[in-house]
There are 2 protein chains.
Amino acid sequence: MTVKLSDIAQEAGVSVMTVSNVMNGKSARVSKATIERVQSIADRLGYVPNMPARSLAASRSRIIAALVPVGENNSLLLSPHTVAVIGGVEQHLRHRGYHVLLRGIEHETDIPDAIRGWSLDGAILVEFPDAVIDRIRIDQVPLVALDSYSANPRTIGVRTDDHRGGWLAGARLTDAGHRHIIFARPPYEGMGVVGQRWEGFRSACAAADASVRIETEQVHTTFEAGREFGLRLRRDHPEATAVFATADVMAVGIMAGIAEAGGRVPDDISVIGFDNLDISAYTSPGLTTVAQDMPAKVAEAARIILDEIERDEGPRAPVSLGVALVERGSVAAPRPA
Amino acid sequence: MTVKLSDIAQEAGVSVMTVSNVMNGKSARVSKATIERVQSIADRLGYVPNMPARSLAASRSRIIAALVPVGENNSLLLSPHTVAVIGGVEQHLRHRGYHVLLRGIEHETDIPDAIRGWSLDGAILVEFPDAVIDRIRIDQVPLVALDSYSANPRTIGVRTDDHRGGWLAGARLTDAGHRHIIFARPPYEGMGVVGQRWEGFRSACAAADASVRIETEQVHTTFEAGREFGLRLRRDHPEATAVFATADVMAVGIMAGIAEAGGRVPDDISVIGFDNLDISAYTSPGLTTVAQDMPAKVAEAARIILDEIERDEGPRAPVSLGVALVERGSVAAPRPA
DNA sequence: GTGAAAGCGCTAACAC
DNA sequence: GTGTTAGCGCTTTCAC
C-alpha cells in the first residue's frame, strides 16, 4: 500500500500530528531535531501526501481552476493568447504548490458547481463576456477575471490597458497621415475589451484632427473572416487608407485578403493589429501591432489569486497592464488621393 | 453550510447510502419512486457532490491528468498542436464526467508523484521523448502516451501514422521531379516521431529513383530557426530544389527566410511541411503539408483511457491515425538546372 | 513542542 | 430495495 502519515509516525516514534506539521512546514510547532528525523524517514519511504484526504479535512484543495468558455463546437476556445495565459499561470501556481484544473464551461450555471464540488481555492475566468462575469454570485473563493471590465465586486479584473492600446493604434495611423480609417471589430461583442479599444482609438483620432473619418466593420476574430473582409475592402470602402483590427488573427487575414485582391500593404492600405501574437511576425510585411505584456499579465493573475488565498486580503482593485506599439512594416503614409 | 448527502437523506426519510446510490446512478439498487423523490430533493437543495470526499472514500478521483513537459524557460511547452489535443481531450472527458488536471513536468521523477497524490484515474502524457516514456514504472493507472513510439507496455501510444506521412511528403516531391531534397528536422530528437517520418520519407525517395539525393539539416521547431535556415539555404545547398520540414512552424519560417533572401516558393524552391496547422494557410503561397487527423487522435486518446478506466480492459495495442496530403501551392516542379 | 480525540463527506461491504 | 457499520488519510482543536 501507499505510505501514509501514520506509517511515518510509527517509525519515528511520534504522533501523526507531528508528522503532519512537519510535512506542512509548520516548523514553529516542532523541534528541529524532530523535523529532520521525520523528514528523512518520509523521504526514505517515498511519502506522497494524499490530496483528496487533505482536501476533505481542510476543505481546501490547493487546486485553482482555469475556467474557459466552450464554443459552439463544444471544444475549448483556446486562442493562442488564452493558451499563453493558462500555461504561464500553471507555471506560477505549480511553483507555489498549487494545481490547475482545466475546465470548459458550457453553461454559466456550471461555474458555481465546478468551484464548490472540488473545494477549489480559487478560479481564473478566462475571457468570459462581461455580462457573464456580472452575474457571478460566489463568495469566499477568489475569482480573477481575465480581460474583463465587469464591475462585479466578487471578481478581480486583470487585463491589458486596452484604452491606451486603442489610442496608440489611432495615434500611429493619424500621425502617418491617415484620415479615413476602418475599425474592424468582432460582432456581438459583450466584452469591455473591444469597447475600451474603440474609445481609445476614437479619442486619438479626434485629438489628431477633427476631420478623421472612421467606419466600423464587424468581422469575426478569425483569419478567414479577416481574409473575406480584405477581399472586399477596396470595393466597399474605396476611400479608406488604413485598417485597425482589434485582433492579430483578424489583421493577418485582412492582409492576406488585400494581397489576394491585388492590393499592397502598406503602400495601398495600412494595417495595424492588436495582441502581438507570434503570427504577426510571420507575414510579409510583418504586422505592426499593439503588444500586450503577457508575462506581466500572467504574473499578476497568479500573484493576485495567491495573495487572496494565502493572505486573505480584502477586495482588490482591478489591474491594467502596459501596452506598447510594435513596428513591423504594415503601416506607412496613405497613398496619394 | 453546503448541502450533503445526509441532508437529503434526512429530508427524504431514507439512509445516506440510498441517496448515494441515487446520485451515482446505481438505479438497479433503488426503487423508481425513491429515485425520483431523492432526485427532486437534491435538485431543490442544490446538492453538489464533494469530490475530495468521494475521491478519498473510493480511492478514485475522476481526474485525469494532462502531463506536459516544461521547457527551459520553465513554462509549459504548448505548441498549437498540443493545445488542440488537450482542449479536445478535455471536451471528451468532461462529457463523461471526468476532469482534467493540467500539470507541467520539470523532472520526469515528478510523474509518479503527480499521479499517486491525486489518486488520478489516468494520465495523458503529451509529447514526452520516448526515452522518458520508456522509464515509466507505474501500474494500475492507465497511461496514454501521445506521439510516442515507446515500447513500454505500461503505456499506450496514440500517434499519427508518421511513417506514411513522411512517405507522402517524399512521394509528392519526387513525383514533382525533385532529385535533390533537404530533410529539415529538429536536433537532439529522442522522439520516434521524427525517425518514423524520416524512414517513410527516405523509402519514398528511394522508391522513386535511386539517384535522389537527400541532405539532412538540424533546425529547431520554431519560426525563427526556420527563417534562419531559409536565409542561408541557397548558399549552403545551391543545388537543392526542395525542402521537407518535419513541422509546419519550421516550414513557414523557412518560406519566410527564402523570400527574405530573394528566393521564390515554389518557383526556386518547393517546401512541404507536417501538421497542417492553421498558420500553414496564412502564408502566400499556402504551405503544402501533411495533415494529421486531429479530431480522431483526440477521440482515440479519450476513448482508450476511458475504456481502460471503466472497463478495466487488458493491455491494448498502440494506435496510429491517418494522414493526408494537403495541397496549398508551395510545391511545384524543380527549377530548370 | 507534542499528542489525543473528533470528524471532514463519502463509499465498500455486507446484513436485513 | 434499503440500512448499518466501518473507514478512506488527513487536519482542526484543544489539552498537556
Side-chain angles (χ1 to χ4, degrees), chain A residues 1-39 41-42 45-63 97 113 116-121 140 310, chain B residues 1-39 41-42 45-63 97 113 116-121 140 312:
Chain A
M1 266 311 283
T2 69
V3 183
K4 47 193 165 191
L5 288 188
S6 57
D7 297 330
I8 300 172
Q10 192 167 16
E11 187 143 345
V14 296
S15 79
V16 173
M17 252 342 280
T18 302
V19 182
S20 170
N21 283 328
V22 173
M23 299 321 289
N24 290 317
K26 300 210 198 307
S27 43
R29 306 171 55 71
V30 191
S31 76
K32 196 153 185 178
T34 312
I35 291 181
E36 279 175 17
R37 189 153 40 88
V38 167
Q39 194 60 261
I41 294 176
L45 265 42
Y47 172 72
V48 179
N50 180 316
M51 295 304 185
R54 185 180 268 187
S55 304
L56 175 59
S59 51
R60 31 169 308 194
S61 59
R62 297 191 151 260
I63 299 181
D113 292 358
R116 287 169 51 205
W118 285 103
S119 311
L120 294 182
D121 289 355
Q140 317 294 341
E310 298 184 349
Chain B
M1 266 312 280
T2 69
V3 183
K4 47 193 164 192
L5 288 188
S6 58
D7 297 331
I8 301 173
Q10 192 167 17
E11 187 144 343
V14 295
S15 79
V16 174
M17 240 359 261
T18 301
V19 181
S20 169
N21 283 328
V22 173
M23 299 322 288
N24 289 319
K26 299 209 199 307
S27 43
R29 308 171 55 72
V30 192
S31 76
K32 195 151 185 180
T34 313
I35 292 180
E36 280 175 14
R37 190 153 41 88
V38 168
Q39 193 60 262
I41 294 176
L45 265 42
Y47 172 72
V48 179
N50 181 317
M51 297 302 185
R54 184 180 270 187
S55 304
L56 175 60
S59 53
R60 35 168 303 190
S61 60
R62 297 192 151 262
I63 299 183
D113 292 357
R116 288 201 295 149
W118 285 103
S119 312
L120 293 182
D121 290 354
Q140 316 295 339
D312 204 20

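Note on naming: letters A, B, ... go to the chains in the order of the sequence lines (proteins, then strands), and numbering restarts at 1 for each one. Below, each value reflects all heavy atoms present in this structure, side chains not excepted, and no hydrogens, waters or symmetry copies.
- The side chain of B:V30 sits closest to D:dT2 out of D:dT2, D:dC10, C:dG9.
- Here the shortest heavy-atom pairing between B:I8 and B:A42 reads CD1-CB, 3.7 Å.
- Atom NZ in A:K4 sits roughly 7 Å away from atom C1' in D:dG9 (whole-Å rounding).
- The shortest distance between the side-chain N/O atoms of A:N50 and the OP1/OP2 oxygens of D:dC8 is not below 4.0 Å.
- In this structure, the nucleotide among C:dG3, D:dT11, C:dT11 sitting nearest to the side chain of B:V16 is C:dT11.
- For residues 7-24 of chain B, the salt bridge (Lys or Arg N to Asp or Glu O under 4.0 Å) pairs, not counting sequence neighbours, are B:E11-B:R44.
- Although no hydrogens or angles enter the test, the distance criterion places no donor-acceptor pair under 3.5 Å between the side chain of B:S61 and the main chain of B:S55.
- Checking the phosphate oxygens (OP1, OP2) of D:dT2, a side-chain nitrogen or oxygen of B:S31 falls inside 4.0 Å.
- Atom CG in A:L5 sits roughly 15 Å away from atom P in C:dA4 (whole-Å rounding).
- Per the geometry, CG belonging to B:L56 stands 11 Å off P belonging to C:dT11, to the nearest Å.
- Screening A:V38, A:V19, A:N21 against A:V30 for a side chain to side chain contact (heavy atoms under 4.5 Å, CB included) leaves a single residue, A:N21.
- No donor-acceptor distance shorter than 3.5 angstrom exists from the side chain of A:S20 to the backbone of A:V16, with no hydrogens or angles considered.
- The side chain of A:S20 contributes an N or O atom lying less than 4.0 Å from OP1 or OP2 of D:dT11.
- Each of B:T34 and B:A57 lies near DNA chain D, and the nucleotide nearest B:T34 is the one positioned closer to the 5' end.
- At the heavy-atom level, B:S55 lies nowhere under 4.0 Å from the strands shown.
- The distance between atom CE of B:M23 and atom C1' of C:dG9, rounded to the nearest whole Å, is 13 Å.
- Nearer to the 5' terminus of DNA chain D, by closest-nucleotide assignment, is the contact made by B:V14 (compared with the other of A:M17 and B:V14).
- An OP1 or OP2 oxygen of D:dT2 is reached within less than 4.0 angstrom by no side-chain nitrogen or oxygen of B:S15.
- DNA chain C is contacted by both B:N24 and A:G13; A:G13 maps to the nucleotide lying nearer its 5′ end (nearest heavy atom per residue).
- A close approach under 4.0 Å does not occur between any side-chain nitrogen or oxygen of A:S6 and OP1 or OP2 of D:dG9.
- Residue contacts for B:N21: at a heavy-atom cut-off of 4.0 Å it reaches no nucleic acid atom on any strand shown.
- Annotation: of the two residues near DNA chain C, B:P52 and B:K26, the 5′-most nearest-nucleotide partner is B:P52.
- Here A:S59 lies out of heavy-atom contact (under 4.0 Å) with every strand.
- The shortest distance between the side-chain N/O atoms of B:Y47 and the OP1/OP2 oxygens of C:dC10 is below 4.0 Å.
- For the pair A:L45 CG and D:dG9 P, the computed distance is 15 Å after rounding to whole Å.
- Between the P atom of C:dT2 and the CD1 atom of A:I8 lies a distance of 16 Å, rounded to the nearest Å.
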